Amino acid sequence: MDSQYQPKQIEAAAQAEWTRTNAYRVVENATDKNGKPKPKFYACSMLPYPSGKLHMGHVRNYTINDVMLRYLRMKGHNVLMPMGWDAFGMPAENAAIANNEPPAKWTYANIADMKAQMQPLGLAFDWSREITTCKPDYYKWNQWLFLKMLDKGIAYRKTQTVNWDPVDQTVLANEQVIDGRGWRSGALVEKREIPGYYLAITQYAEELLDHVTNKLPGWPERVRVMQENWIGKSVGVRFAFPHQIKDADKENAGTLVQDGKLFVFTTRADTIMGVTFCAVAPEHPLATLAGSGNTELAAFIEECKKGGVAEAEMATMEKKGMPTGLSVTHPLTGESVPVWVGNYVLMSYGDGAVMGVPAHDERDFAFAKKYRLPIKQVVAIAGKDYSNDAWQEWYGDKQAGMCIHSGKYDGLAYLPAVDAIAADLQAKNLGEKKIQYRLRDWGISRQRYWGTPIPLIHCDDCGVVPVPEKDLPVVLPEELIPDGSGNPLNKHAAFLNVACPKCGKAARRETDTMDTFVDSSWYYMRYCSPDSQDRMVDARNDYWMPMDQYIGGIEHAVLHLLYARFWTKVMRDMGLVKFDEPFTNLFTQGMLSAECFYREDLAGKKRWYYPDEVEVKHDDKGRPAGAIAKDDGQAVMLGGMEKMSKSKNNVVEPKDIIERFGADTARAYVMFAGPPDQSAAWSDSGAEGVYRFLRRLWAYCAANKDAMKAGGSGEKSAALRFAIHSVLKQAQFDYDHLKYNTVVSACMKMLNAIEDAGSQAAEVGSALNESMSILLRVLYPVAPHIAHQLWNDLGFATDAAGIIDAAWPQVDAGALEQDEIEMVVQVNGKLRGQIRVPKAATKEEIEKLALHDDNVKRHTEGKPVKKLIVVPGKLVNVVI
RNA sequence: GCCGGGGUGGCGGAACUGGUAGACGCACGGGACUCAAAAUCCCGCGCCUGCAAGGGCGUGCCGGUUCGAUUCCGGCCCUCGGCACCA
């Protein structure tokens with residue numbers, strides 16, 4: 001074998017062999033050598049958006065997946081790891097506008113690029129199952145299931161509030177609204193109500209909540225909690241303020257607005273006696289009515305339309321209001337309650353109106369102070385004084401207080417008060433208890449071109465007509481080029497014009513497309529039967545699903561993962577799948593960041609330098625003291641660790657790393673950089689450290705090939721075997737718990753132990769042989785190419801497959817047995833000495849040895865021992 | 001604003017159910033080899049103090065529980081992710 005480590009040659013050869021033997025192709029119901037069925041394991045990474053560039057975050061995601069696959073395959077599992085492309089979406093349209101070419105062309109070229117960039121990493125994808133979501137044979141099934149949902153009443157039409165760019169005359173995504181302005185036009189964004197299609201995820205709210213709490217023990221706690229809070233179940237009361245307000249100038253003039261009832265929902269019905277106003281959304285019928293005769297109010301309502309629809313924006317903006325001059329009647333006291341318009345009340349949530357209890361709601365308190373509305377305390381906590389001057393935390397506490405100034409409800413605590421009040425409202429036919437979810441139905445309409453066409457036809461006579469199943473898929477024309485001013489499908493006659501399926505008259509196709517979260521809600525099932533022509537999923541799906549391990553970014557903790565769970569339950573209720581939850585275990589990986597450098601010009605504008613362009617200076621303690629640009633030798637600022645991004649020029653590209661060090665180093669370093677579920681920082685010199693380790697491993701094997709044979713059984717062998725099996729035990733645990741960073745450490749420790757043992761065959765020959773065979777198998781999932789090559793070169797391979805199907809090494813309990821154990825001695829919790837005790841020593845013997853230690857004596861001398869704590873095998877604490 | 005993470009040497013991080021804080025690696029310093037450089041190997045490396053043995057301090061900040069706290073509890077600060085049309 002070569003005395004030098006040559007990653008390029010080794011990796012090319014290993015990959016060629018695995019390609020030749022079709023090593024990554026998996027089939028259902030695989031069996032082992034004895035004909036026994038192998039347990040199936042489906043491990044899948046969240047599919048990437050084909051941006052064109054593979055970045056280190058992808059490498060981290062897929063390496064985690066690949067390490068898991070290779071480890072479990074050694075342990076005898078039939079493991080599936082597929083890959084595909086989340087190919088619809090906005091970036092393709094943006095690129096299309098910039099380059100004046102169709103999004104399809106850009107997308108397909110990017111897919112080819114990214115696939116080529118993945119290839120040298122040696123990932124064990126079964127490419128025969130590749131999926132591209134922008135292809136008709138995939139999105140046909142989005143359309144098919146959408147129509148089924150429409151049938152069942154799960155999909156429905158209603159208005160939605162969107163960001164509107166008044167200059168470009170187009171709907172904007174939240175991401176396209178920057179500081180309240182359209183990203184292209186710079187115009188102030190407005191809210192606009194337009195019709196759209198929704199999926200009734202709230203029909204599944206209870207089950208989604210119950211299952212995430214009780215049936216997903218394999219999910220990270222934090223993701224479960226985030227989903228629970230997102231669904232946000234609360235029990236409250238929906239009730240009405242009666243009124244006599246009549247419509248003015250519409251065709252139904254003279255009739256009561258909304259039948260004379262202003263409905264609101266509250267989780268604090270116990271504070272209903274403290275209501276001093278009601279607030280309605282600017283689009284609420286009462287606001288519209290009041291605004292028609294009041295120019296000042298009309299102007300305010302107009303002003304409320306400014307700004308975007310993002311929740312963070314709504315929550316942080318200044319709360320403003322204006323009285324309508326209208327009033328409604330308190331349902332219990334009969335008092336008159338003024339109605340205000342509030343910019344913070346949204347028409348699309350609940351009934352578009354809220355009750356105002358300034359004394360016990362922080363937002364209402366601030367609103368009342370601002371507009372000098374009365375504040376009426378109706379809940380008290382014993383020993384605490386209420387003051388209208390400033391908000392106190394306890395004013396909003398519903399657990400500790402009891403009702404006051406509330407007539408017959410005085411003295412009741414939260415729950416009894418809510419019950420009593422709900423009962424009284426119900427008796428008056430004005431309200432009832434209601435379970436409310438924070439979760440809202442999923443709006444899937446996008447006024448965009450590059451997505452799955454919504455399969456509906458608008459007919460002047462028949463209304464909205466579904467496309468008949470036989471006409472699916474509704475194929476998206478791929479040659480259009482958007483120009484930034486709305487959906488090009490609206491200008492494309494060949495797509496637009498169609499005969500009504502019902503009456504045959506000329507009709508128009510729906511031009512809205514589906515949210516790309518639809519595509520990602522079920523792609524992982526399609527991997528199981530990617531070629532199924534006449535079914536969305538087939539029997540092969542029943543073999544692989546539910547998925548055993550899903551791996552992806554924490555940023556998907558709520559939306560994607562909730563939509564996919566919902567979609568699965570819908571498919572289950574349609575008899576398409578037999579399981580409730582798609583992902584048995586979930587692993588959320590952290591993000592990768594990298595050092596960045598910049599120089600600021602006089603105007604404060606930053607120019608970001610590539611790491612290659614700068615040289616970092618260190619002080620004599622190794623701290624980075626500054627940096628200079630290589631071209632002009634002038635100082636450059638250290639920008640610290642930032643998420644890798646193009647704008648900061650700190651993106652590390654996998655192909656550069658592979659070019660310099662090889663794929664095994666790239667893979668091992670992204671695993672070694674930190675715990676896979678937390679964010680980690682890229683460091684070139686860290687990667688060099690891993691490269692150094694692989695080189696050292698190679699050099700050791702090349703130099704000591706002959707020493708690693710039979711021979712030796714003495715103390716040195718025992719010490720080496722103790723070290724190796726201890727580390728193996730830990731590595732085994734780490735593999736099972738996806739702690740791949742410490743797996744790499746374990747491999748380094750093993751090599752250190754092997755090197756320390758010397759290379760005398762007569763002393764340690766067989767122990768070296770065993771140790772190296774363990775090291776190679778522990779290393780293999782992380783750095784498969786070098787492990788494969790060394791496994792063959794050192795003659796460990798027993799069959800043609802090589803290390804890829806080698807058996808996982810077993811810990812030898814005998815090797816871990818020791819005659820003497822090292823224990824530490826503390827005095828009052830401070831470490832004062834170390835002792836060696838025989839394995840079988842009694843508690844008394846240990847205590848005696850501990851008190852006998854010189855340094856321990858020094859600290860205990862002349863002081864009575866109050867207490868002695870012995871933790872077997874670990875430590876003794878002497879309390880004086 | 002709301003929900004959820006994270007904070008340990010100069011850096012990335014380790015520490016199983018509360019039990020030796022800093023494994024492994026990087027950076028840095030010293031040395032060996034070399035004409036020289038690269039590569040490689042050896043030694044040192046939390047901070048303060050001491051010739052040394054040792055001692056004091058130390059896991060974001062403040063407080064609590066415990067023989068013992070990075071770990072558990074209460075309060076705060078900073079930071080990252082998400083907030084429904086980015087994916």
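Only this structure's heavy atoms are used, side chains among them; waters, hydrogens and symmetry mates stay out. Keep in mind that this is a model prediction, so the values were computed, not measured. Lettering of chains follows the sequences in order, A, B, ..., and the numbering in each one begins at 1.
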Tell me which nucleotide among [options] gets nearest to the side chain of [X].
X       : options                : answer
S745(A) : C83(B), C24(B), C86(B) : C24(B)
N877(A) : C86(B), C67(B), C26(B) : C67(B)
A173(A) : C26(B), C85(B), G81(B) : C85(B)
L875(A) : A84(B), C85(B), U20(B) : U20(B)
E555(A) : C67(B), G13(B), G81(B) : G81(B)
R446(A) : A23(B), A87(B), C85(B) : C85(B)
Q834(A) : A14(B), U20(B), G19(B) : U20(B)
K830(A) : A15(B), G56(B), A84(B) : G56(B)
Y563(A) : G19(B), U40(B), A84(B) : A84(B)
D86(A)  : A87(B), C86(B), G13(B) : A87(B)

Write down the distance between [atom1] ([X]) and [atom2] ([N]), rounded to a whole number of angstrom.
X       : N      : atom1 : atom2 : answer
I444(A) : A87(B) : CD1   : C1'   : 17 Å
N828(A) : G55(B) : CG    : P     : 13 Å
L199(A) : C85(B) : CG    : C1'   : 14 Å
F672(A) : A14(B) : CZ    : P     : 10 Å
E688(A) : C28(B) : CD    : P     : 10 Å
D734(A) : A15(B) : CG    : P     : 7 Å
L559(A) : G81(B) : CG    : C1'   : 12 Å
Q730(A) : A14(B) : CD    : P     : 12 Å

Give me the distance, rounded to whole Å, that separates [N] from [M] when you measure between the [atom1] atoms they each carry.
N      : M      : atom1 : answer
G68(B) : A21(B) : P     : 14 Å
G74(B) : C24(B) : C1'   : 36 Å
U71(B) : A15(B) : P     : 15 Å
G9(B)  : G60(B) : P     : 8 Å
G18(B) : C73(B) : C1'   : 13 Å
G75(B) : C85(B) : P     : 34 Å
U70(B) : G46(B) : C1'   : 15 Å
C86(B) : G81(B) : C1'   : 14 Å

**OP:** Map R695(A) and L831(A) onto RNA chain B by nearest heavy atom, then report which one ends up closer to the 5' terminus.
**Re:** L831(A)
**OP:** Between A673(A) and S683(A), just flag the one whose closest nucleotide in RNA chain B comes earlier from the 5' side.
**Re:**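 Nearest-nucleotide comparison on RNA chain B picks A673(A).
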Original post:
Are D165(A) and T170(A) linked by a side-chain donor-acceptor pair shorter than 3.5 Å?
Top reply: no
Partner nucleotide, any strand, of [N] [Watson-Crick/G-U, under 3.5 Å]:
N      : answer
C47(B) : G56(B)
A38(B) : none
G1(B)  : C83(B)

Original post:
Cationic tip of R695(A) within the cone over Y691(A)'s six-membered ring, i.e. under 6.0 Å and within 45° of the normal?
Top reply: yes
Looking only at side-chain N and O atoms, does [X] come under 4.0 Å of OP1 or OP2 in [N]?
X       : N      : value
K874(A) : C16(B) : no
K749(A) : C24(B) : no
R448(A) : C85(B) : no

Original post:
Between R184(A) and E93(A), does at least one N-O distance fall below 4.0 Å, as a salt bridge requires?
Top reply: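 E93(A) and R184(A): not salt-bridged.
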**OP:** Look at the side chain of N174(A) and the base of C85(B), then say whether one donor and one acceptor between them are separated by less than 3.5 Å.
**Re:**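 A donor-acceptor contact between them is absent.
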Original post:
Are Y669(A) and F661(A) close enough that their ring centers fall under 6.0 Å?
Top reply: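 Between Y669(A) and F661(A), the centre distance exceeds or equals 6.0 Å.
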Original post:
With a non-hydrogen cut-off below 4.0 angstrom, is H556(A) in contact with a base, only sugar-phosphate, or nothing?
Top reply: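 Answer is base: heavy atoms of H556(A) come under 4.0 Å of a base.
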Original post:
Using a cut-off of 4.0 Å on non-hydrogen atoms, how would the nucleic acid contact of Q447(A) be classed: base, sugar-phosphate, or nothing?
Top reply: base
Subject >> Side chains of D361(A) and R268(A) in contact at under 4.5 Å (non-hydrogen atoms) >> reply: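 No; the side chains remain at least 4.5 Å from each other.
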Original post:
Taking C-beta and beyond as the side chain, do L54(A) and Y62(A) meet within less than 4.5 Å on heavy atoms?
Top reply: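 Sidechains of Y62(A) and L54(A): in contact.
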**OP:** Check the surroundings of atom CG in D736(A): do more than 12 heavy atoms from other residues, nucleotides or ligands lie under 6.0 Å from it?
**Re:**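 Counting other residues, nucleotides and ligands, CG of D736(A) exceeds 12 neighbours.
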Original post:
Using the glycosidic torsion, which applies to G9(B): syn (within 90° of 0) or anti (everything else)?
Top reply: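 It is syn.
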Original post:
Could you go step by step and tell me if T742(A) and Q730(A) meet the side-chain hydrogen bond (donor to acceptor under 3.5 Å, both in side chains) rule?
Top reply: CA-CA 9 Å; T742(A) 46; Q730(A) 186 62 44; 5.8 Å; no
Original post:
In terms of the angle between their ring planes, are F88(A) and W450(A) parallel, tilted or perpendicular, with boundaries placed at 30° and 60°?
Top reply: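 Plane angle over 60°, so perpendicular.
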Original post:
Nucleotide by nucleotide, 5' to 3', does protein get under 4.0 Å of the base (B), only the sugar-phosphate (S), or neither (-) in nucleotides 1-8 of chain B, counting heavy atoms?
Top reply: B-SSS---
**OP:** Could you tell me the separation between the CE atom of M114(A) and the CE atom of M83(A), rounded to the nearest 0.5 Å?
**Re:**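 So the CE of M114(A) and the CE of M83(A) are separated by 8.5 Å.
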